[in-house]
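Protein chains get the first letters and strands the later ones, always in sequence-line order, with residue 1 at the start of each.
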Amino acid sequence: MKNSQTSTPSDFIRTIINKDLASGRHKKIIVRFPPEPNGFLHIGHAKSSTLNFGLASEYGGRCHLRFDDTNPETEDQSYVDAIKNDLRWLGFDWGEHEYYASDYFETLYEWACILINKGLAYVDDSHENVIRLTRGTVTTPGVHSRFRDRSPEENFELFQAMREGEFADGACVLRAKIDMAHPNMKMRDPLMYRIRHTTHYRHGDQWCIYPFYDWAHGQSDAIESVTHSICTLEFSTNRILYDWYLDALDINPRPRQYEFARLNLDYNITSKRQLIALVQEHVVDGWSDPRMPTLAGLRRRGIRSKAIRSFCQSVGTTRVDSTHDPVLLDHFIREDLNHLAPRIHCVQDPLPVTLTNWPENHVEKLTASYWPHEIPKEGTRELPISRELLIERKDFSETPSKGFRRLTPNGIVRLRQGYIIRCTSVEKDGQGHIIRLLCEYIDGTLSGENTSSLKPQGTIHWVDAIHSLPVIVRVYDRLLSDTSIDEDLWTSLNPISLVEHRHARIEPSVADDLSDQRYQFVRLGYYWRDPESMDQSSTPIFNCIVPLRDSSHKSTSDHSNEIKQTPKKIESSTPQRTLTTLEKQWLQRSGLPRSTGLAIYAVDGAIEFFQAAASSAPRVSVSNWMANHLLPALNERKLSDLPFGPYQFAELIQLADNEVGTAHEIRMVLKLMFDSNVPPAQLLSDLQDSMIDDPEIIKPLISDVLNEFSDRVTAYANGKVGLIGFFVGQVIKRVDGNVNPKQIQELVSEELARITS
RNA sequence: UGCCCUGUAGCUCAAUUGGCAGAGCGCCUGGCUCUGGACCAGGAGGUUUCAGGUUCGAAUCCUGGCGGGGCAACCA
């Protein structure tokens, strides 16, 4: 079996953590999983919790479970319990680190008072609608509230009165005083507290003011000493506020927020609102309906948490919006169950078969293995067979299409773990429907004791008509008939997302098995007893966990010659953005090409720097080196903070232009200049002294490389020209970069030409 | 139309930070098999969104274009 998660995952979050650990910013990482207890966890939460709990165990840190329960109107203890249950089922352990944002209300209140004191927060009596309207739009600034300039003393008194219940719901709010014209809407005096005279499931009527998400979340992270606060992408615009609050409170060291893409599944619904609608309209059988993407639903379908964890790990962590194909989940479910589920027989849609040459009333008890040969497990069960059998209706065809590998009139087929049979006759009712097959079994063909040389068309599953047990089998399909909802939820629903086989029959061996036993129904899929209808019905109900892969379409399919589309080249002169007058003037004045000109224009002080440098070195070279090397290397630094000025930079450029140094060397010198004030010419000559340029030294190195990678030399000779870069890179690596790549490139080319000619 | 994020195989992700464009799933072919499963072997599939630029060398750096997503709740 292939193991798809042997390699440790690498993603941008782990890269950040590695860096933080290496730099000593953190000795130990603390992350958190912060659900709001207002609904059930779904597959998306599985991704988030797998990430967070996974990070904690990988890095020997810890992951807190924190209930983000700051809105008393929607939250409830029953959700807390359900969430904890789901997380434990997923296999996560938070030990004693179970926290509630609502337990921090007192601290949050005190911190709000600090902001009021600093003049950074104010009580606003404006009506809800007024606040919304005066916030402005993404393109127009907002307007200051007329309560914005209340004194800290007045604000403090009002805020205390808010807490003490002196105002009705909605009478006023506490807002942070930031910037009503900020380009990020979240910074336009965001709300911190609202008044709600509602009973909180955890704190009763102790509070009537409740903090908003932004005011509660970062501060809760800080209280718990969280180092990396990982949330989904839609919160990225909140990050600036997250940081602003922590700055305002002088919290240090402080948590940092990182965002990743939430998990979307094709053919599924992930919106909480729509999931509620399905439950309320009884389209599904509650939150745990096996078609639901909730953890409760997946669990009831019979999927084990291991499969879900594998799936979540395999989808990775990125910042790219993406939707996943559920076939990937299916794959991990099958991989998990393959070695776990004994093979048994169940006929979902029975067609009676009479073995005409089988003695009446004779019953034979076959001993049948639970496992196919390649699974190293032992175990058998008794499989009764008599004159009357049942096979799958789909396993017989009077008019078989090409490639049909099952029973046909006069054809032979093997009853799995039993005899080979031949169909001799077909019985039909008045309407022409097949109601029974008459077959003959062939003596001497019993599984394992076959003495015949017959080659059956295929192997089919079956059960004995008398000894088998009646069961109801539920087979689930996708909730949506298309990958996503188009326009309306109700018309997008898959009408056959549930097929119930009410007349299915199963072999008798399962009668006393444990209720959580999972089986593979041979040739159908993986199944288990529906845990929620265990005693309601005398007829056991089985859920299909996942069907087997089905490649029956392969042999009959005929789309082998699909049209290969030739990529079209769209030729068009790319439109360019219209420049501001100042930009135009600058380009005209400098005579620089658009791209380099704009790069220089965009950086503070770069124009002056350029003009000064260009007075003693060629303009084009100066602009190229600035735009492509100097300015990008600046990062956070400013031009004025560098240990060198434009004239030294110009000296460097001249060294390049006069070919005193190669482009490669000049780049290395530039890097050195960022941390030294030695003149460029000096740096260059020092560097060149340490460079290896003697062909007699280099050539043997090249031969070594080409010998070591002789297979790649062959590939190169066969046309894989791109390998030249690989060879050059290898040589450079061996001398720690102290060579001129251009020279190496030339020498390697010569050598390759010599070898391969 | 402001700010932020984001484009690599059909899908989801890698690419040692400027040096061979790879993996898993899916698909196809063959092998094996008493499961049209599993397993084994192989294959197809790429102008790295596009156009320029810098470089011996660009998925990676620079400029611009095009596309996708998020933000204007007294929700989180």
Side-chain angles (χ1 to χ4, degrees), chain A residues 1-2 4 10-11 36 38 68 70-71 73-74 128 131-132 135-140 142 169-170 173 182-186 188 191 193-196 212-213 217 233-240 259 266 314-316 318-325 327-328 331 334 338 343 372-375 403 405 414 416-417 447-448 450 456 458-461 520 522-523 548-555 560 567 569-570 573-577 593-599 624-625 627-629 631-632 663-664 667 712 715 720 722-730 732-733 741-746:
Chain A
M1 187 166 62
K2 269 173 281 182
S4 26
S10 102
D11 52 59
E36 183 188 9
N38 70 344
D68 220 345
T70 56
N71 181 1
E73 294 180 314
T74 56
E128 187 177 341
I131 291 182
R132 190 162 34 239
R135 186 147 26 221
T137 70
V138 289
T139 47
T140 57
D169 285 8
V173 290
H182 201 283
N184 183 325
M185 300 292 296
K186 290 275 196 264
R188 318 252 258 231
L191 277 54
Y193 277 94
R194 76 280 211 179
I195 300 172
R196 281 289 173 278
F212 283 90
Y213 168 84
H217 205 92
L233 238 31
E234 70 266 26
F235 291 102
S236 47
T237 38
N238 299 53
R239 187 178 56 238
I240 183 170
E259 310 91 23
D266 278 341
S314 88
V315 301
T318 65
R319 295 177 61 82
V320 188
D321 288 301
S322 48
T323 50
H324 299 263
D325 192 332
V327 297
L328 186 60
H331 167 259
R334 294 191 192 104
N338 185 24
R343 273 58 168 175
H373 65 95
E374 78 276 2
I375 292 182
R405 293 208 245 150
R414 173 173 290 283
R416 192 166 186 278
Q417 294 173 319
S447 177
N450 191 4
T459 302
I460 63 172
H461 60 281
Q520 185 191 103
V522 168
R523 302 210 306 134
L548 255 28
R549 277 179 73 215
D550 178 15
S551 50
S552 59
H553 57 277
K554 285 181 187 172
S555 48
S560 45
K569 191 141 196 167
I570 307 149
S573 55
T574 41
Q576 301 276 294
R577 109 178 130 84
R594 206 184 142 105
S595 57
T596 45
L598 288 179
N624 274 343
W625 278 92
N628 291 303
H629 299 288
L631 299 181
H664 172 73
R667 257 178 290 170
R712 281 167 233 239
K720 196 163 174 171
L723 280 167
I724 185 92
F726 169 73
F727 298 129
V728 173
Q730 284 298 320
I732 292 174
K733 206 174 273 182
K742 194 171 179 177
Q743 184 192 16
I744 303 294
Q745 170 109 317
E746 281 160 11

Atom pair CZ (A:R523) and CZ (A:R343), whose distance is rounded to the nearest 0.5 Å: 14.0 Å

5'-most by nearest nucleotide on RNA chain B - A:K742 or A:L598: A:K742

Test salt bridge (charged side-chain N to carboxylate O under 4.0 Å, His left out) applied to [X] - qualifying residues, sequence neighbours left out:
X	answer
A:R594	none
A:R196	A:E73
A:D11	A:R14

Starting from [atom2] on [N], measure out to [atom1] on [X] and report it in whole angstrom.
X	N	atom1	atom2	answer
A:R334	B:G24	CZ	C1'	15 Å
A:L548	B:U33	CG	C1'	14 Å
A:R414	B:U33	CZ	P	14 Å
A:H629	B:G18	NE2	P	12 Å
A:I240	B:C5	CD1	P	11 Å
A:R405	B:G37	CZ	C1'	11 Å
A:I732	B:G57	CD1	P	13 Å

Contacts of [X] that satisfy side chain to side chain donor-acceptor pair (under 3.5 Å) - sequence neighbours left out:
X	result
A:N71	none
A:R132	A:N129
A:N450	A:S452
A:E259	A:R239, A:Q257, A:R319

Please write out the pairs of protein N or O atoms and N or O atoms of nucleotides 6-11 of chain B separated by less than 3.5 Å, giving the distance to one decimal.
| from | atom 1 | to | atom 2 | distance (Å) |
| --- | --- | --- | --- | --- |
| B:U6 | OP1 | A:R319 | NE | 3.4 |

Partners meeting ring-ring contact (aromatic ring centres under 6.0 Å, His included) with A:H629 (sequence neighbours left out): A:W625

Listed partners of A:H217 passing ring-ring contact (aromatic ring centres under 6.0 Å, His included), at least two apart: A:Y213

Does OP1 or OP2 of [N] have a side-chain N or O of [X] closer than 4.0 Å?
X	N	value
A:R239	B:C4	no
A:R549	B:G36	no
A:T318	B:U12	no
A:H331	B:C25	yes

base_contact_polar (B:G37 base, A:N338 side chain, donor-acceptor, <3.5 Å): no

Donor/acceptor link under 3.5 angstrom from A:E374 side chain onto base of B:U33: no

Listed nucleotide nearest any side-chain atom of A:D550, set B:G26, B:G36, B:G2: B:G36

Selected nucleotide, minimal atom distance to A:A599 side chain, candidates B:C62, B:U12, B:U35: B:C62

Touch class at under 4.0 angstrom, heavy-atom based, for A:P372 against every strand present: base

Base versus backbone protein contacts along nucleotides 70-76 of chain B [heavy-atom cut-off under 4.0 Å; B, S, -]: BSBSBSB

Involving RNA chain B, stems made of at least three consecutive Watson-Crick or G-U pairs, both distances under 3.5 Å: B:2-7 with B:66-71, B:10-13 with B:22-25, B:27-31 with B:39-43, B:49-53 with B:61-65

